[in-house]
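Below is one structure, written out as structure tokens, with a few remarks after it.
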Amino acid sequence: MASEQSGRTELPLQYYLENEYQSLIEIFHWVANLAGSVYTDTTAVVSPEAAYAAAPLSDTHLLSQEFLLNYKHSSLDLTLPLGVGGYFDFPARSSLSLRHLREQEEKAGRGHIVELPPYQNVNASLGVTIRARRSLRTFTGKTMPLRTLSTLLFYANGVTGDIALVSEDNDPQWPTYSLGPTEAAKTRAASSGGGLNPISLYLVVRDVQTLDDGIYVYLPVEHSLKRLATFDDEARNRHLALGVSWGPNLDPATVNVTVYYVYSVYENSRKYGDLGLPFAVVEAGEIAAHLHLISTATKVGSSDIGGWEKVQTERFLGVDGLSRHLVHATVIGML
Ligand SMILES: Cc1cc2nc3c(=O)[nH]c(=O)nc-3n(C[C@H](O)[C@H](O)[C@H](O)COP(=O)(O)O)c2cc1C
């Protein structure tokens with residue numbers, strides 16, 4: 001079984017798995033499940049069980065718990081009121097208006113733009129659709145029509161209206177100058193804190209009619225896609241390899257569109273401070289909920305995915321992981 005080299009004994013992986021692994025896991029579970037484990041503060045890996053069991057005694061928390069303990073704890077914390085208060089002047093209005101300009105600039109800059117065809121007017125009953133929605137993970141791998149993708153994106157996060165930016169009585173306190181259109185900002189299918197829309201939808205496309213396989217970003221104001229990369233076999237395989245961590249019940253090769261929700265931190269934290277993160281995660285969830293319902297109504301399969309590798313996927317998408325972060329993913333496939 002074991003091979004000896006220069007006084008060291010090497011155990012084959014199979015031997016370890018068969019003889020050592022199970023007992024180590026048992027010790028791990030025993031320690032982790034001690035009520036009020038004294039080991040928690042000195043343990044390098046804080047498992048969910050250990051953090052849960054030791055909560056009353058320990059200084060060690062899950063990172064998310066640290067976050068919850070420290071944000072919005074009192075109205076004396078001026079971060080939020082100052083951020084919100086400071087927002088109701090020129091920079092705020094220009095920031096909202098700039099959204100159009102930024103998208104126009106995005107459109108004019110590098111990268112091929114694909115105008116999406118008009119979305120389909122979907123009349124499905126909302127109650128029936130909500131009852132029918134299920135996470136689906138078995139796809140046929142058939143080609144997705146471009147109009148289907150247009151419909152999914154429009155109902156998920158497309159522009160559905162305008163919001164007035166000037167006060168009704170033309171209050172002179174409200175400045176009228178702005179770097180973009182002064183009267184209105186665009187509103188979307190899914191709601192967003194302050195209308196700031198910090199979530200962008202990055203799409204990895206495989207076999208969608210007329211689109212090259214590759215990476216795209218959805219431009220809601222223009223209802224267009226900007227192509228960031230076209231895939232060769234190597235890039236296609238790298239993305240399929242990322243799909244291995246999505247779990248065994250899904251074949252990544254059958255997914256037509258993987259939707260990645262990318263949060264641009266300063267887009268909303270400039271106004272909301274630490275509240276920006278929970279807002280962004282809520283907003284990604286709202287967009288995802290729309291995506292699932294419109295998928296159900298148009299008989300397309302969809303499922304959220306929690307198993308993505310953050311750093312590797314961000315690198316693959318060209319997202320810096322500093323001011324922009326991957327926060328969620330949804331797969332979509334033809335049934
Ligand atoms: C944040 C989140 C992450 C999820 N991650 C996965 C996943 O990695 N793999 C998967 O097959 N389903 C995943 N799902 C789907 C859930 O398993 C599914 O919603 C749950 O089993 C309930 O089933 P239903 O959506 O059909 O009602 C995820 C759902 C959410 C909201």
Side-chain angles (χ1 to χ4, degrees), residues 47-49 51-52 62-65 67-68 122 124-142 144 152-153 155-157 188-193 197-206 218 238-265 268 275-317 319 321 324-335:
S47 67
E49 293 100 320
Y52 174 76
L62 296 172
L63 270 182
S64 54
Q65 199 180 356
F67 177 79
L68 289 167
V122 178
S125 148
L126 183 59
V128 169
T129 307
I130 290 175
R131 285 201 302 273
R133 183 209 61 78
R134 285 283 73 85
S135 297
L136 300 178
R137 307 161 182 92
T138 307
F139 309 128
T140 56
K142 282 189 211 153
M144 176 182 281
L152 298 179
L153 290 172
Y155 286 95
N157 200 27
R188 312 268 185 98
S191 66
S192 168
N197 300 298
I199 299 288
S200 298
L201 302 182
Y202 280 60
L203 315 175
V204 170
V205 164
R206 184 207 62 86
Y218 177 49
R238 269 177 65 212
H239 191 250
L240 286 178
L242 286 173
V244 170
S245 66
W246 296 348
N249 50 4
L250 173 73
D251 177 1
T254 60
V255 172
N256 293 87
V257 181
T258 312
V259 180
Y260 291 107
Y261 303 72
V262 173
Y263 169 38
S264 181
V265 176
N268 72 346
L275 216 53
L277 172 61
F279 278 14
V281 181
V282 166
E283 290 173 29
E286 296 202 14
I287 297 168
H290 282 210
L291 200 48
H292 295 311
L293 292 179
I294 197 65
S295 296
T296 305
T298 54
K299 307 214 174 342
V300 173
S302 67
S303 175
D304 287 318
I305 293 295
W308 37 272
E309 296 279 349
K310 183 169 185 292
V311 174
Q312 287 178 26
T313 311
E314 285 172 347
R315 280 191 191 141
F316 184 80
L317 296 173
V319 167
R324 289 182 304 146
H325 291 261
L326 178 56
V327 292
H328 188 41
T330 300
V331 291
I332 304 174
M334 298 300 289
L335 298 178

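Note that ligands are numbered from 1 as they come in the structure, with each ligand's atoms numbered from 1 the same way.
Shortest non-hydrogen contact noted between Val122 and Ala297 is CG1-CB, 3.9 Å. For Ser135 against Ser303, the heavy-atom pair with the smallest separation is CB-OG, 3.8 Å. The two atoms that bring Ala329 and Trp308 nearest to each other are CB-CD1, 3.5 Å, heavy atoms only. Among all heavy-atom pairs drawn from Thr129 and Leu293, the shortest one is CG2-O, 3.2 Å.
Between the side chain of His290 and the main chain of Tyr155, a donor-acceptor pair closer than 3.5 Å is present. Here the side chain of Thr140 pairs a donor or acceptor atom with the backbone of Met334 at under 3.5 angstrom. Using a distance-only test at 3.5 Å, with no hydrogens or angles considered, no donor-acceptor pair links the side chain of Glu314 to the main chain of His325. Proximity of a side-chain donor or acceptor of Asn157 to a complementary backbone N or O of Ile287 within less than 3.5 Å is not detected.
Of all the heavy atoms of Leu250, none lies under 4.0 Å from any atom of ligand 1, so neither backbone nor side chain is involved. With a 4.0 Å heavy-atom cut-off, ligand 1 is reached by no atom of Ala288.
By heavy-atom distance, the residue among Ile305, Leu136, Val281 lying nearest atom 9 (N) of ligand 1 is Ile305.
Atom 4 (C) of ligand 1 lies below 4.0 Å from at least one non-hydrogen atom of the protein. At a distance under 4.0 Å, no protein heavy atom can be found next to atom 20 (C) of ligand 1.
Residue contact check: Arg134 has heavy atoms under 4.0 Å from atoms 24 (P), 26 (O), 27 (O) of ligand 1. Of all atoms in ligand 1, listed by their number and element, those nearer than 4.0 Å to a heavy atom of Ser303 are 12 (N). The ligand atoms of ligand 1 that sit less than 4.0 angstrom from a heavy atom of Asn249 are 11 (O). Using a 4.0 Å cut-off to heavy atoms of Gly307, the atoms of ligand 1 that qualify are 8 (O).
Looking at atom 31 (C) of ligand 1, its nearest protein heavy atom turns out to be Asp304 OD2, 3.6 Å. The protein heavy atom nearest to atom 17 (O) of ligand 1 is Arg137 NH2, 3.2 Å. Ranking protein heavy atoms by distance to atom 8 (O) of ligand 1, first place goes to Gly306 N, 2.8 Å. Here the heavy atom of the protein found nearest to atom 23 (O) of ligand 1 is Ser135 OG, 4.2 Å. What sits closest to atom 1 (C) of ligand 1 on the protein, heavy atoms only, is His328 CE1, 3.9 Å.
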Going through the checks in order, is the side-chain contact (heavy atoms from CB on, under 4.5 Å) test met by Met144 and Val205? CA-CA 10 Å; Met144 176 182 281; Val205 164; over 6 Å; no
Applying side-chain contact (heavy atoms from CB on, under 4.5 Å), run through Gln312 and Arg238 and close with a yes or a no. CA-CA 10 Å; Gln312 287 178 26; Arg238 269 177 65 212; over 6 Å; no
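The shortest heavy-atom distance from Arg133 to ligand 1 is under 4.0 Å. Residue contacts with ligand 1: Gly247 is excluded, as none of its non-hydrogen atoms falls under 4.0 Å.
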